[in-house]
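Have a look at the structure below before the remarks.
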Amino acid sequence: MISHVKVRFAPSPTGYLHIGGARTALFNWLFARHNKGVFLLRIEDTDQQRSTEEATQAILDSMKWLGLDWDEGPYFQSQRLPVYRQYAEKLVAEGKAFYDTDAEGRKAIRFKMLDGVTEINDLIHGTITFDTSLIEDFVILKADGFPTYNFACVVDDAEMGITHIIRGDDHISNTPKQIGLYKAFGFKMPEFAHIPMILGEDGSRLSKRHGATSVTEYRDKGYLPHALVNFLALLGWSPGNDQEIISIPEMIEKFTLKRANKTSAQFNNIKLDWMNGQYIKNTPVEQLIPQVQSFFEKSGVDMSKITPGWLSDFVKLYHERFKTFQDLLNQTRFFFTDTIEYDLAAVNKFLKKEGVGELLKEAYSVISRIDTFDKKTLEDSLRALTEKLGVGFSRLAQPMRVAITGKSVSAGVFETMELLGKEKNLKRLDCAIKNLCETSAVMRSTAL
RNA sequence: GGCCCCAUCGUCUAGCCUGGUCUAGGACAACAGAUUUUCGAUCUGUGAACUGGGGUUCAAAUCCCCAUGGGGUCACCA
């Protein structure tokens with residue numbers, strides 16, 4: 001454990017919190033918690049054009065949803081303008097910075113970059129060397145009175161006592177400028193740790209065209225926050241063994257920068273889905289129920305007639321079979337609507353077969369006579385039927401599944417039928433029979 | 001283009017610092033088989049990588065150099 005650790009996450013509120021930012025925040029948080037240090041949040045809103053309050057809110061919401069609680073802040077740089085001005089003027093007074101007017105007539109303060117060699121002792125990369133004569137005198141205070149990123153960042157990190165700067169390695173090239181500032185002020189130098197970026201699934205920089213890239217999108221698609229955190233933690237860090245599912249306390253206990261990677265990682269939705277499925281399985285049904293309820297409601301499903309008992313059976317039946325709440329909804333829409341979508345391939349493969357219509361008619365009459373409509377009775381009577389007719393049970397089960405769910409893939413057919421209820425089962429069977437027996441038309445989306 | 005960073009299965013990674021135990025381990029995905037009323041569920045299994053070239057060394061995935069490839073950055077954006 002390193003003593004007196006203080007780290008920060010310092011996003012700029014120009015958009016939602018994306019996956020890469022979330023990972024940076026997570027590493028800082030984990031580092032702070034592991035070392036019993038302080039995690040601070042600072043909003044770098046020095047771009048008057050692009051900063052928005054909605055973005056700030058979205059970032060805060062995302063952090064909370066992920067469970068990344070901060071101990072200090074959020075501080076807003078826009079509220080510290082006099083501080084930056086004062087520091088900038090100090091440099092001017094000492095001859096380390098100067099006023100400069102550009103071609104457009106804007107007057108700003110520039111920092112005099114000293115020529116020489118600057119070394120960064122990066123905790124992840126080791127020594128990185130820069131020739132500072134290649135770096136121009138950069139603006140530290142803009143014409144609008146706002147500081148630039150490099151300046152505000154250094155002033156704040158120093159004033160706020162940040163000991164370790166953990167950030168994306170796209171900031172490596174900013175570091176010599178910031179070190180120049182630290183030296184000019186005589187500030188105590190922090191440690192730097194530049195973690196690799198997260199790339200899109202095709203290996204290029206993460207952007208909107210990669211689909212979901214923001215934390216809120218994953219939340220809205222029905223992912224569990226702990227699963228996302230677990231997945232993100234493993235992107236660029238490893239506990240050192242073969243463990244894939246790691247609890248937050250365990251992550252905190254094992255997190256060290258020494259085990260952080262240098263290589264950028266490609267995001268992989270498929271693995272995230274698998275991981276989320278693992279977390280779903282490990283979550284007790286009782287906890288899942290309210291989450292399913294609210295996700296379905298938000299998605300426009302009419303849950304008003306759903307009883308607690310039914311919902312409980314429903315979640316139990318699908319517990320091992322869904323990866324995200326959105327996935328669950330996609331799999332089970334046929335329960336909640338009278339207009340089901342038939343999968344054409346499934347219809348052709350199982351319904352449009354010789355003798356299926358007759359078989360379904362027999363099943364229909366058996367089912368219509370069942371009074372106690374539960375899976376046990378259904379199984380007993382339907383199996384008895386196929387035995388009587390001398391056909392394998394799957395000859396009946398498959399067409400029935402398609403007729404009832406519209407798909408060839410579903411949970412157990414009896415459990416599904418029980419949950420769906422007698423009336424709807426009969427309606428859907430009837431519809432299938434009619435389509436098969438009375439017309440040769442292809443079933444598509446059929447209103448029941 | 002200048003400067004900087006990086007380089008192990010398709011993907012995430014272990015191993016690298018402290019060369020030998022690596023005929024390179026795990027996970028996701030893929031594929032095959034099993035099971036089952038179906039499956040995107042479950043179980044079992046298979047294929048799959050040290051970017052290339054030089055060194056150093058008895059010995060290199062591990063250390064050094066070069067090449068190549070990928071990424072980042074060069075704003076009064078952050």
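A note on names: the letters A, B, ... follow the listed sequences, proteins ahead of strands, and every chain is numbered from 1.
Shown here are the ring-ring contact (aromatic ring centres under 6.0 Å, His included) partners of F336(A), two or more places apart in sequence or in another chain: F296(A), W310(A), F314(A). Shown here are the ring-ring contact (aromatic ring centres under 6.0 Å, His included) partners of W274(A), two or more places apart in sequence or in another chain: there are none. In this structure R8(A) satisfies the salt bridge (charged side-chain N to carboxylate O under 4.0 Å, His left out) test together with D157(A), sequence neighbours excluded. Judged as a ring-ring contact (aromatic ring centres under 6.0 Å, His included), and not counting sequence neighbours, the contacts of H171(A) are Y149(A). Not a single salt bridge (charged side-chain N to carboxylate O under 4.0 Å, His left out) links D137(A) to another residue, sequence neighbours left out.
On the C1' atoms, C43(B) is 38 Å away from U51(B), given to the nearest whole Å. Comparing the P positions of U11(B) and C50(B) gives an interatomic distance of 12 Å, to the nearest angstrom. Comparing A29(B) with C12(B), their C1' atoms sit 11 Å apart, to the nearest whole Å. Rounded to the nearest Å, the gap between the C1' atom of U35(B) and that of C28(B) is 23 Å. Separation of the C1' atoms belonging to A60(B) and C17(B) is 15 Å when rounded to the nearest angstrom. Taking atom P in both C64(B) and G2(B), the straight-line distance is 24 Å, to the nearest Å. The C1' atoms of G26(B) and G19(B) are separated by 23 Å, rounded to the nearest whole Å. When the P atom is used for both C3(B) and A67(B), the distance is 12 Å, rounded to whole Å.
Between E244(A) and Q278(A), the side chains place no donor N or O within less than 3.5 Å of an acceptor N or O (distance only, hydrogens not considered). Residues T46(A) and Y84(A) have side chains that never bring a donor and an acceptor to within less than 3.5 angstrom of each other. Between the side chains of E44(A) and Q77(A), a donor-acceptor pair is found at a separation under 3.5 Å. Side-chain polar atoms of S214(A) and E217(A) form a donor-acceptor pair below 3.5 angstrom.
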TODO: Walk me through it: do F255(A) and W237(A) pass the test ring-ring contact (aromatic ring centres under 6.0 Å, His included)?
DONE: CA-CA 8 Å; F255(A) 189 85; W237(A) 174 79; 5.5 Å; yes
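In this structure, R259(A) does not reach the C16(B) phosphate: none of its side-chain N or O atoms is under 4.0 Å from OP1 or OP2. Here H194(A) does not reach the OP1 or OP2 of C5(B): none of its side-chain N or O atoms lies under 4.0 Å away.
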What does the list of N/O pairs under 3.5 Å between the protein and nucleotides 40-46 of chain B look like, with a distance for each?
from, atom 1, to, atom 2, distance (Å)
U42(B), OP1, K281(A), NZ, 2.5

N/O-N/O pairs, protein side and nucleotides 22-26 of chain B side, under 3.5 Å:
from, atom 1, to, atom 2, distance (Å)
G26(B), O4', D242(A), OD2, 3.4
G26(B), N2, E244(A), OE2, 3.3

Can you pull every protein N or O that's under 3.5 Å from an N or O on nucleotides 33-37 of chain B?
from, atom 1, to, atom 2, distance (Å)
U37(B), OP1, R383(A), NH2, 3.3
U37(B), O2', Q398(A), NE2, 2.5
U37(B), O2, R401(A), NH2, 2.5

Any protein N or O atoms within reach of nucleotides 60-63 of chain B? Criterion: under 3.5 Å, listing atom names and distances.
none

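In this structure A14(B) sits in no base pair that meets the Watson-Crick or G-U test at under 3.5 Å. G69(B) is paired with C6(B) under the Watson-Crick or G-U wobble criterion, all donor-acceptor distances under 3.5 Å. Pairing for A30(B) is with U46(B), a Watson-Crick or G-U wobble pair whose two hydrogen-bonding atom distances lie under 3.5 Å. A60(B): no Watson-Crick or G-U partner with both key distances under 3.5 Å is found in any strand. Base pairing of U23(B): no nucleotide in any strand meets the Watson-Crick or G-U wobble criterion (both distances under 3.5 Å). G1(B): Watson-Crick or G-U partner is C74(B), with both key distances under 3.5 Å.
Note on F130(A): only backbone sugar-phosphate atoms sit closer than 4.0 angstrom, heavy atoms only; bases stay farther off.
In this structure, CD1 of I120(A) is placed 12 Å from C1' of C3(B), rounded to the nearest angstrom. Here the P atom of nucleotide C28(B) and the CZ atom of F267(A) are 17 Å apart, to the nearest Å.
Residue pairs meeting the side-chain hydrogen bond (donor to acceptor under 3.5 Å, both in side chains) criterion with at least one member in residues 19-30 of chain A, sequence neighbours excluded, are W29(A)-D69(A). Within the structure, no pair that satisfies the salt bridge (charged side-chain N to carboxylate O under 4.0 Å, His left out) test touches residues 226-238 of chain A, not counting sequence neighbours.
Taking for each of I124(A) and L134(A) the nucleotide of RNA chain B with the nearest heavy atom, the 5'-most of the two is the partner of L134(A).
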- [ ] Encode nucleotides 67-78 of chain B as B, S and - characters from 5' to 3', where the letter depends on protein heavy atoms closer than 4.0 Å: B to the base, S only to sugar-phosphate, - to neither.
- [x] ----SSS-SBBB
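Taking the charged nitrogens against the carboxylate oxygens, D327(A) and K323(A) have no contact shorter than 4.0 Å, which rules out a salt bridge. Ion pairing between E418(A) and K376(A) fails under the 4.0 Å rule for side-chain N and carboxylate O. Ion pair D100(A)/R110(A) flagged as a salt bridge, since at least one NZ, NE, NH1 or NH2 atom sits closer than 4.0 Å to an Asp/Glu carboxylate oxygen.
A donor-acceptor contact shorter than 3.5 Å is absent between the side chain of H164(A) and the backbone of V7(A).
Ring planes of H194(A) and F192(A): parallel class, angle under 30° (limits at 30 and 60°). Ring planes of F231(A) and F267(A): perpendicular class, angle over 60° (limits at 30 and 60°).
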